[in-house]
Structure formats: structure tokens, C-alpha cells
Amino acid sequence: QNSSFAYQIIPQVGISKVDSVLTDQSIKIVRNDTVIQAVTNTKSQLIQAVFYRSATLRLPNGLEITPNHPCALMLEFIDGNAILTLANPRCESLNPNYIQVTVNEIWKGQDVEVYGKSSKITLPLPQGDFSGSKVQNTYLREDCNGVIGGSASFDNCNVCSGGNTGIQPNINCTGYC
């Protein structure tokens, strides 16, 4: 009672590779409570989260993600793009016509409204026989250096690096952080 645990589902990995996968430090539990369960993979720039109600997920890199309804959400960053996939796990029982996701970054793309340094993305949800199916869109994002579609990001030292910054990630004036 009142204990906690975490588990990992590892598809297509044989028993001989389980130990190396379990020691891989690129997969981090970001939050695990009754409101949000979320993990991130720092190698693949992938975030996966289940929101049991509208709440804000704050990631170590400063990104904040807030959906206005419960959802299963996956966010992947590739070459300056944000690929957002989500589904309503409640399917037919409580299926809104859309879910809005707010992020504290500037994104450009279909159904995006920008307010200052935040973006509100509206994703229509499948209805009827397709309730519960995923929706996915790709957005250009403004990197930390102010370039739309750029690839600069905050590194482990919390320094905007990579992309066209001229700064190598995870290096500062005294060496490695």
C-alpha cells in the first residue's frame, strides 16, 4: 500500500538484449502520478504521455504541454519539426469533437494559433465508428535560437546549442557539463 513502481514495455527485444535496454539512460520517467504518466527518450527526442485530465506537463528542457481534455499524446522532434499524435482513450463514452493542446513554444502549421510565445493547436478527433483513432499532424517549431524550423535546442547544460547557434551541445566554457 502507498508504494510506487514503474515498468517498461519493450517490444521486439529478445531476452538476451533486455539488460542492455534496461541500463539505457536515454529513457526517463518525467512524471508518474494519478494525473499524468509520461516518459521521454532523449536519444530519439520522443515524449509519450497519458493525461487523465487537463493538466500541464513540464519537461526538463522547459517545454510545457497542456491538453484541454484527457488524451494519450506522443510528441516527436525531427529536423525542426514537431510531430504531434494523440488519441482520446475514452472513445465513444466521452469523445469531444476536438482536443486543444497548448505548448510554450511558437509552432507553425494547420490549426495553430500563436499567442505571444505560446501556441494553441486544435486537433479534430475522429467520430462515430472511428472514435478513439489517433490523429497526427506535423508542425514547424521555432527553435531556442528563434529560427522557425531550426534545430537548435537546450542541451543538458540548459544552453541553446546546435542548429545555427555555433555552439556544440553539452559544452560550456569549462568543458563538459
Side-chain angles (χ1 to χ4, degrees), residues 28-156 158-167 169:
K28 306 275 187 204
I29 296 172
V30 178
R31 186 164 165 183
N32 187 16
D33 57 42
T34 59
V35 178
I36 301 173
Q37 291 179 305
V39 296
T40 185
N41 185 323
T42 55
K43 276 186 196 170
S44 65
Q45 297 285 305
L46 177 68
I47 301 151
Q48 295 174 309
V50 175
F51 292 82
Y52 294 100
R53 64 174 173 82
S54 179
T56 298
L57 174 63
R58 289 174 182 84
L59 297 169
N61 67 359
L63 179 64
E64 296 180 1
I65 305 166
T66 309
N68 69 334
H69 288 288
C71 65
L73 180 146
M74 185 168 71
L75 182 57
E76 187 171 16
F77 298 111
I78 299 175
D79 298 328
N81 293 315
I83 303 167
L84 178 63
T85 306
L86 63 83
N88 172 20
R90 294 180 178 183
C91 299
E92 299 88 16
S93 64
L94 290 168
N95 196 34
N97 291 323
Y98 61 88
I99 290 182
Q100 291 181 321
V101 178
T102 302
V103 295
N104 63 334
E105 293 183 337
I106 295 176
W107 289 9
K108 301 289 185 180
Q110 180 180 343
D111 297 320
V112 176
E113 296 177 55
V114 176
Y115 301 96
K117 289 287 187 180
S118 294
S119 301
K120 185 186 291 183
I121 301 100
T122 301
L123 291 163
L125 292 177
Q127 301 294 312
D129 291 342
F130 297 101
S131 291
S133 297
K134 72 175 183 173
V135 291
Q136 182 179 67
N137 277 335
T138 301
Y139 305 93
L140 287 173
R141 65 190 283 239
E142 182 178 289
D143 68 11
C144 60
N145 199 35
V147 177
I148 298 291
S151 59
S153 62
F154 288 101
D155 62 15
N156 295 332
N158 204 27
V159 172
C160 183
S161 59
N164 66 356
T165 63
I167 301 170

S.K.: Taking everything shown except Asp79 itself, do over 12 heavy atoms lie less than 6.0 Å from its CG?
M.R.: no
S.K.: What distance separates Glu105 CD from Asn61 CG, expressed to the nearest 0.5 Å?
M.R.: 7.5 Å
S.K.: Between Gln110 and Tyr139, is any side-chain donor less than 3.5 angstrom from a side-chain acceptor?
M.R.: no
S.K.: Looking only at side-chain N and O atoms, does Tyr115 offer a donor or acceptor that is under 3.5 Å from a partner on Glu113?
M.R.: yes
S.K.: For Ile36 and Val50: C-alpha separation, side-chain torsions, deciding distance, then whether side chain to side chain contact (heavy atoms under 4.5 Å, CB included) applies.
M.R.: CA-CA 6 Å; Ile36 301 173; Val50 175; over 6 Å; no
S.K.: Using a 4.5 Å cut-off on heavy atoms from C-beta on, say whether the side chain of Pro70 contacts that of Tyr52.
M.R.: no
S.K.: How about Gln100 and Thr122: does a side-chain donor come under 3.5 Å of a side-chain acceptor?
M.R.: yes
S.K.: Within the distance-only criterion (no hydrogens, no angle test), does the side chain of Asn145 pair as donor or acceptor with the backbone N or O of Val147 below 3.5 angstrom?
M.R.: no
S.K.: Using a strict threshold of under 4.0 Å (side-chain N to carboxylate O), is an ion pair present between Glu142 and Lys117?
M.R.: yes
S.K.: Using modelled atom types and a 3.5 Å cut-off, is there a donor and acceptor pairing between side-chain atoms of Thr40 and backbone atoms of Leu46?
M.R.: yes
S.K.: Hey, could you give me the OG1/CG distance between Thr56 and Leu63, rounded to the nearest 0.5 Å?
M.R.: 11.0 Å
S.K.: Evaluate the side chain to side chain contact (heavy atoms under 4.5 Å, CB included) criterion for residues Leu73 and Leu84: first the C-alpha distance (whole Å), next the side-chain angles of each, then the deciding distance (0.1 Å), finally the verdict.
M.R.: CA-CA 7 Å; Leu73 180 146; Leu84 178 63; 3.8 Å; yes
S.K.: Minimum heavy-atom separation for Ile99 and Pro96, please, with both atom names.
M.R.: CG1-CG, 4.4 Å
S.K.: Tell me whether the rings of Phe77 and Trp107 are parallel (<30°), tilted (30 to 60°) or perpendicular (>60°).
M.R.: perpendicular
S.K.: Are the side chains of His69 and Tyr98 in contact, using a 4.5 Å heavy-atom criterion?
M.R.: no
S.K.: Starting at CZ of Arg53, measure out to CG of Asn68 and round the result to the nearest 0.5 Å.
M.R.: 13.5 Å
S.K.: Determine, for Arg31 against Asp33, whether the closest basic-nitrogen to carboxylate-oxygen distance falls under 4.0 angstrom.
M.R.: yes
S.K.: Are Thr85 and Val135 packed together at the side-chain level, in the sense that at least one heavy-atom pair is separated by less than 4.5 angstrom?
M.R.: no
S.K.: Identify the heavy atoms of Cys144 and Ser161 that sit nearest to each other, and give their distance.
M.R.: SG-N, 4.3 Å
S.K.: Can you check side chain to side chain contact (heavy atoms under 4.5 Å, CB included) on Val30 and Leu59, steps first, answer last?
M.R.: CA-CA 7 Å; Val30 178; Leu59 297 169; 3.7 Å; yes
S.K.: Which one of Asp111, Val103, Leu86 satisfies the side-chain contact (heavy atoms from CB on, under 4.5 Å) criterion with Ile121?
M.R.: Val103
S.K.: Between Gln136 and Lys134, is there a donor-acceptor pair closer than 3.5 Å when you use the side chain of the first and the backbone of the second?
M.R.: no
S.K.: Between the side chain of Asn41 and the main-chain N/O of Gln45, is any donor-acceptor distance below 3.5 Å?
M.R.: no
S.K.: Does Asn104 use its side chain to pair, donor to acceptor, with the backbone of Ser118 at less than 3.5 Å?
M.R.: no
S.K.: Quick one: pull up CD in Gln127 and CG in Asn88 and give me the separation to the nearest 0.5 Å.
M.R.: 9.0 Å
S.K.: Quick check: closest heavy atoms across Ala55 and Val35, and the distance to 0.1 Å?
M.R.: CB-CG1, 3.4 Å
S.K.: Report yes or no: does Ser54 contribute a side-chain atom to a donor-acceptor pair with the main-chain N or O of Pro67 at less than 3.5 Å?
M.R.: yes
